[in-house]
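By convention in this document, chain letters (A, B, ...) are assigned in the order of the sequence lines, proteins followed by strands, and residues within each chain are numbered from 1. It should be emphasised that the depicted structure is a prediction, and the values quoted were computed from it without experimental measurement.
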2 protein chains.
Amino acid sequence: MFTGKDPGRVSPQLRSLIFAAAADLGYRVNSTASALARGQLESIGFVGPDPTNPFFSMVLEGLTRHLDSAFSLTVLMPEGGEDYNLSTVQRALAGNLAGLILASPGTEFLESFVPTCPTVILDAGGAAGALPSVDLDLSSAVRELSGYLASLGHDRVAYVGVSREKKISLQYRREELQAGLLGHGSGLAVDDLVLEGMTIDDAFEGFRRIWPAWSAAGVTAVVCGDDLHAYGVLRAARSLGLDIPGDLSLVGFNDLPYSELTAPALSTVNLFATRLGTEAAALLSRYIRTGRVPGSKVLPSALVVRESTGPVRRR
Amino acid sequence: MFTGKDPGRVSPQLRSLIFAAAADLGYRVNSTASALARGQLESIGFVGPDPTNPFFSMVLEGLTRHLDSAFSLTVLMPEGGEDYNLSTVQRALAGNLAGLILASPGTEFLESFVPTCPTVILDAGGAAGALPSVDLDLSSAVRELSGYLASLGHDRVAYVGVSREKKISLQYRREELQAGLLGHGSGLAVDDLVLEGMTIDDAFEGFRRIWPAWSAAGVTAVVCGDDLHAYGVLRAARSLGLDIPGDLSLVGFNDLPYSELTAPALSTVNLFATRLGTEAAALLSRYIRTGRVPGSKVLPSALVVRESTGPVRRR
DNA sequence: ATGAAAGCGCTAACAG
DNA sequence: CTGTTAGCGCTTTCAT
């Protein structure tokens with residue numbers, strides 16, 4: 001009756017009568033028993049590094065809006081502020097999931113990961129290997145960025161990211177940037193600022209520490225692998241009395257809605273994070289329904305120029 | 001064996017041997033069957049209005065960090081950008097949840113809602129009735145805010161929120177503000193700006209529309225029920241050529257990490273949203289375990305003064 | 001068409 | 001202590 005296979009068997013009146021009675025008695029099908037009997041799982045898992053990072057929220061939004069309504073979304077976060085690892089995912093898998101979405105994995109993790117249910121990887125910087133994935137095409141936006149920075153006279157550009165083990169995607173952004181810069185006769189001029197975490201504060205501290213060295217090396221532009229890092233650098237630069245974009249031009253990745261509100265407004269590469277979520281939902285739903293491993297998907301990105309970037313000021 | 005009741009029954013060596021063999025064969029307990037046999041539900045549901053609002057993310061973070069590890073977290077979002085309603089929650093309940101957390105409900109919804117499993121309401125502005133809830137104590141922070149604004153010479157204060165049906169909490173913030181202001185001999189001077197949604201853009205459009213009226217009425221300070229709205233007002237004011245805090249002082253609620261980055265940095269009432277999540281997790285876990293309805297919890301808030309507020313400038 | 005029965009994979013209770 | 005069994009609430013199949 002509640003299995004959706006009754007058209008033609010039960011008259012509509014009777015049907016609604018039954019539903020009314022069911023509601024009256026407070027009956028609801030026990031989905032656990034139902035799932036067991038049918039041998040079908042009902043929830044898909046999402047594991048990401050940090051719910052507090054807007055990138056995550058945007059992906060999640062895309063996901064919830066486009067996930068097949070037959071599934072519910074189980075969200076798993078790593079314990080204690082760390083990045084997620086195999087044990088986080090094991091915890092997820094213990095829930096017997098119909099499918100799994102892994103957002104922004106670390107290298108180490110991805111190498112040792114063996115899928116045990118339909119899985120799609122999100123934002124792995126092209127490192128997902130044979131696993132179905134949704135990734136970003138950064139090359140054209142980053143090439144444009146490189147050309148733009150070059151035209152402004154920046155030939156000493158620095159990058160801030162996190163270690164490769166932590167986030168493949170940030171490292172991938174670095175590589176694309178390096179390639180783009182090289183295409184314009186320059187390249188990353190100094191050692192990266194390699195942060196421990198993805199927070200504004202991490203970048204704030206980190207930049208204050210590294211700026212003397214970068215300044216001495218003549219760095220005039222900083223590209224951050226994540227908008228949050230750029231916000232931290234912005235605050236740090238301000239606290240150091242630096243003029244942005246006069247003394248230092250700044251670029252982030254993601255294009256969060258807050259980036260036009262900072263002072264100065266932040267130039268970014270827009271990653272359209274919400275679309276990553278919707279595409280992942282589409283891919284995974286198909287994967288689960290058909291059982292066939294889908295191909296990977298690559299989504300575009302776009303340069304957004306605002307006030308945090310400007311011509312080099314020689315002193 | 002996998003039920004956790006083996007200490008003293010199986011030797012540690014044998015135990016690990018079995019686990020090794022299980023891993024070898026790729027065996028994992030079927031949690032659906034397990035749950036059915038034990039008659040225990042394994043997931044708790046979280047329904048909130050909008051994953052994209054950082055308030056939601058912060059609550060979610062608190063939740064995931066402190067939820068009993070026996071439970072997994074199922075996240076439910078309303079369809080199509082609307083606020084969530086009974087049908088959203090019905091969808092949630094179809095999943096047979098051990099417990100339910102409802103964040104920032106609307107009036108209409110809350111009035112017609114009848115819990116069918118252990119439920120705690122979050123951020124309902126004191127309107128949760130008999131249901132266990134986690135709420136904010138705004139009065140002392142808002143009284144402080146009122147005194148502060150009064151001392152700056154602001155006696156024409158305006159409020160921006162959403163309709164009461166949509167978010168009880170924003171209306172509650174308004175009431176607290178009104179009470180605080182009244183305590184200082186003033187009060188809200190003009191009609192509220194009542195927005196449709198919770199986005200920066202909603203507030204941007206709304207403020208541009210209403211400012212002529214507010215300006216004519218001599219409004220010198222605007223308090224927004226949500227930081228996102230304050231960001232929108234900030235952008236709108238800037239686009240209108242207003243000087244903040246010279247022409248207009250601005251205050252938000254939540255104290256997002258972005259609020260110290262805006263230009264000018266935003267004064268806010270810090271809601272400590274993450275703690276709402278951790279408290280809700282604690283309350284609900286206890287509720288489910290003991291079966292006894294827990295009492296409600298009230299959490300403190302705090303005024304944070306930054307650059308967006310200053311003395312009234314008479315012209 | 002309607003009803004009875006088997007069984008999904010596990011757990012808990014109960015014999016041996 | 002070990003092995004067997006009933007049964008969780010539902011779906012599906014197979015007789016009636």
(message) Hydrogens and angles aside, do A:Ser43 and A:Thr74 bring a side-chain donor and acceptor to less than 3.5 Å of each other?
(response) yes

(message) Check for me whether the distance between the ring centres of B:Phe253 and B:Tyr172 falls short of 6.0 Å.
(response) no

(message) If the threshold is 4.0 Å, N to carboxylate O, is there a salt bridge linking B:Arg286 and B:Asp68?
(response) no

What is the distance, to the nearest angstrom, from the [atom1] atom on [X] to the [atom2] atom on [N]?
| X | N | atom1 | atom2 | value |
| --- | --- | --- | --- | --- |
| A:Asn96 | C:dC10 | CG | C1' | 11 Å |
| A:Arg38 | C:dA6 | CZ | P | 23 Å |
| B:Asn30 | C:dC8 | CG | C1' | 9 Å |
| B:Leu41 | D:dC8 | CG | P | 16 Å |
| B:Arg28 | C:dC10 | CZ | C1' | 15 Å |

(request) Ignoring the backbone of A:Leu36, work out which of C:dT11, C:dC8, D:dT11 is nearest its side chain. (result) C:dC8

(message) Given C:dG9, D:dC10, C:dT11, identify the nucleotide with an atom nearest to the side chain of B:Ser34.
(response)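 Nearest to the side-chain atoms of B:Ser34, counting from C-beta on, is C:dT11.
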
(request) Check the angle between the aromatic planes of A:Tyr84 and A:Phe109 and answer parallel, tilted or perpendicular using the 30° and 60° thresholds. (result) perpendicular

